[in-house]
Amino acid sequence: MPTSWADSVSAAENLAAAAPPKSAYVPPHLRNRPASTDPPAQASYAGAAASGQGQSGYGGPNVGGSRWSGPRNDFQSGYGGGGGRGGGWNSRTGGWDRGREREANPFAEDDAEPFVEPENSGINFDAYEDIPVETSGDNVPPPVNTFAEIDLGEAVNQNIRRCKYVKPTPVQRHAIPIVLSGRDLMACAQTGSGKTAAFCFPIISGIMRGQFPRPPRPRVAFPLALILSPTRELSCQIHDEAKKFAYQTGVRVVVAYGGAPINQQLRELERGVHILVATPGRLVDLLERARVSLQMIRYLALDEADRMLDMGFEPQIRKIVQQMDMPPPGVRQTMLFSATFPKEIQRLALDFLSNYIFLAVGRVGSSTDLIVQRVEYVQETDKRSHLMDLLHAQRANGAHGKQALTLVFVETKKGADSLEHWLCMNGFPATAIHGDRTQQEREHALRSFKSGNTPILVATDVAARGLDIPHVAHVVNFDIPNDIDDYVHRIGRTGRAGKTGLATAFFNENNSSVARALADLMQEANQEVPAWLSRYAARSSHGGGKNRRGGNRFGGRDFRKDTSFNRGVTDYYGGGANMSSGYGASGGYAASYGGAGVTSAWD
DNA sequence: AAAAAAC
C-alpha cells in the first residue's frame, strides 16, 4: 500500500508505464486526441445537398412557417438504401446549413490538446472486457459488440470514426440496442464510461429515420429530443459532444442554459432544433415565454438523473415533464442515466417511465481500482496546512514539467472563495468555481484549470458531476459531503478513461454521519480502511439510516427486485407488465443480487 | 445545512 501521496502518484505512474499499449480499443476520454487527418468534411459530402425542395424546410434560416421538412417523408427518404448509397441522410445536410452558413466543424479544435502524451498509454484495456453488467426488465435486447452491428447510418459512422471510437464501451454495447428498440431505460454507469454517446447515437439515428409532422407554429421551437442536466457546464459539455455525433447528419443540436444572454440561444432555436440540451431553469423560462414547445418530444434523457429528481430539482422537472405539453411515458421514450441511483429516486422515477429496462454497468477495473482512495483524520483548523503539505509533495513530485491537476472540493461557496484566496496568497496557483460566480467566471475557471494554467481548482458540488476534465490526478475532499453518493461523483472526476487517480478525504468529527457509508464504500472498492475510521463506522451507525447504499460494484441495483418494494405493490410497472417474467438478470448475476445487497457478481 | 437552477 502506498504510504504517501507522492508514493501513490509514482506508483500510479509506474503502473501506467508498465501497461502494454494495445491498439484496438480507445476509451472515450482518450479519443479525439491528435489532430485528425480527416479530409475536409465537405469533400465527402460534396454535392450531397441535392434532394427535394423540402430539405431546406427544417431549420431553414428564413422560411418562417416551414422550418420542418416539406415532404413528410424527407427524413425517411434514402434511409434503408444501405450504407453505400448515401443519398438519404446526406441529402438532408443541404437543409439548414446550405447557402448561408456552413456547419462549424466540431472536430476542429481537438488539435488544441495541451497535454501531449502517447496515445493509449496507461490504459487498462482488459479491464473493459471484464466489466460486470446487469440488466433487468422484460425482453431485454441483446448487446452488440461492434458499432457495425448497429446500423446507425453512414453519416454517424463517419463521426464515430472521426471520434476515433473503435469499439463501443460496455454501457454503449447494452444501452444503444435498448434505446433503438424503443424501450425506456434506467442506466447506472459511471460518467466517463461513454454515457453521452450511449444516448445520443440512438436519438440521432431515430431522428434521422423517423417521420415527424411539421411544426405547427412559426417562431416556436419544437424539439424532438430533450436532454436535461443539472449544471450549465455539463449541458455545454453534452452539447459539444452531441454536435460531434450529429455532424453533417442534418440533425440540429441546440443548447440553452442560464447565466448567458438568452438572445443568442433564441436565435439558435429559431433556426430549428431537433435535439435540445438544457438546464431546467432556462428551459422553464423558454417554455413560459412560449418560445419552446415540448409537444413533439419523442426522446427525453435525464443525465445525472438522481440529482435531477432529488429535492432541489424535482419540482422543476415535474413541471417540464408533466405539466407542460410533453407527451406522456409510452408515447415519448425516456432515458435516465446516472452513476448512482438511490432507491427512493428510483421509486420517484417510476412516474416518468414506462415498462423500462434497468441497466447497471460496473466500473472499469473492478470498481475503483484505478482510484486510490485515502482518508486522513484532519481537524477542521488543520485542513489548510494539511492541504498545503499535500500540494507541496505533489509539486516536488512534479510531473511532466507541469503540475498535475488537483481538484479540491469544499462544502460551501464561501469556503471555496476563501480557500482559493488563501491558496493564491500562499503561492499556489488556484482558481475556483461555484454557483455565485458569473457564468463567465465559471467558464474561465474551468478553462484555466483544464489547460493547466491554474492547476488547482477549488469547487463546490457544481463540479462534482459529469464534468469530463482529463488529467485530474488528484481529487481532495477538503470537506466530505454528507451524502456518500456525492463523494462517489466527486472522486469520479479522476481515474477517468482507465487512467489512475488519487482521492484524498479530510475526515473529522463533523463527518461521523457518513463514516459507515464511507468505510463500506472503501472496503468494497478494495481500499485500505484505516482502523480509526472503522471504529467511527461501528460507533456512529445505528441501523444504517439513509446513507446506506445498495452497495455493490455497480452504481446501483434495480429496486424492483427488492422484496420490500415487491410486497403488495404490483402496479408500478408502467401498464402492468408481467412482473414475474423477465426480471432474471441476463448475465447470470441474478443469484448474487438476492442477498443483503453487498454481494456482487464478482465475489 | 448547502448546493444547483431563470430573469
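Letters A, B, ... are given to chains in the order of the sequence lines, protein chains preceding strands, and every chain is numbered from 1.
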Below 4.0 angstrom from OP1 or OP2 of [N], is there any side-chain N or O of [X]?
{"X": "A:Thr279", "N": "B:dA4", "value": "no"}
{"X": "A:Arg465", "N": "B:dA3", "value": "no"}
{"X": "A:Lys413", "N": "B:dA4", "value": "yes"}

Any base atoms under 4.0 Å from [X], or only sugar-phosphate, or nothing? Heavy atoms, all strands.
{"X": "A:Glu411", "answer": "sugar-phosphate"}
{"X": "A:Val462", "answer": "sugar-phosphate"}
{"X": "A:Arg307", "answer": "nothing"}
{"X": "A:Arg442", "answer": "sugar-phosphate"}
{"X": "A:Gly258", "answer": "sugar-phosphate"}

In whole angstrom, give the distance that lies between atom [atom1] of [X] and atom [atom2] of [N].
{"X": "A:Asp485", "N": "B:dA2", "atom1": "CG", "atom2": "P", "answer": "21 Å"}
{"X": "A:Gln265", "N": "B:dA6", "atom1": "CD", "atom2": "C1'", "answer": "11 Å"}
{"X": "A:Leu228", "N": "B:dA6", "atom1": "CG", "atom2": "P", "answer": "11 Å"}
{"X": "A:Phe313", "N": "B:dA5", "atom1": "CZ", "atom2": "P", "answer": "6 Å"}
{"X": "A:Ile238", "N": "B:dA5", "atom1": "CD1", "atom2": "P", "answer": "13 Å"}
{"X": "A:Asp417", "N": "B:dA2", "atom1": "CG", "atom2": "P", "answer": "15 Å"}
{"X": "A:Glu314", "N": "B:dA3", "atom1": "CD", "atom2": "P", "answer": "21 Å"}
{"X": "A:Leu234", "N": "B:dA5", "atom1": "CG", "atom2": "P", "answer": "10 Å"}

I'd like to check the side-chain hydrogen bond (donor to acceptor under 3.5 Å, both in side chains) partners of A:Thr381; sequence neighbours left out, ordered by chain and number.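 Residues passing side-chain hydrogen bond (donor to acceptor under 3.5 Å, both in side chains) with A:Thr381: none at all.
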Please enumerate all residues that pass side-chain hydrogen bond (donor to acceptor under 3.5 Å, both in side chains) together with A:Tyr487, with sequence neighbours excluded.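 Result, side-chain hydrogen bond (donor to acceptor under 3.5 Å, both in side chains) vs A:Tyr487: A:Gln373.
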Side chain of [X] only, heavy atoms from C-beta on: which candidate in [options] is closest?
{"X": "A:His434", "options": "B:dA5, B:dA2, B:dA4", "answer": "B:dA4"}
{"X": "A:Thr231", "options": "B:dA5, B:dA6, B:dA3", "answer": "B:dA5"}
{"X": "A:Thr412", "options": "B:dA3, B:dA6, B:dA1", "answer": "B:dA3"}

Charged N-O contact under 4.0 Å between A:Asp306 and A:Arg465: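 A salt bridge links A:Asp306 with A:Arg465.
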Is A:Asp285 salt-bridged to A:Arg289, going by a charged N under 4.0 Å from an acidic O?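 Looking at A:Asp285 and A:Arg289, the cut-off is met.
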With a 6.0 Å cut-off on the ring centroids, do A:His392 and A:Phe428 count as close?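 Between A:Phe428 and A:His392, which both carry aromatic rings, the centre distance is below 6.0 Å.
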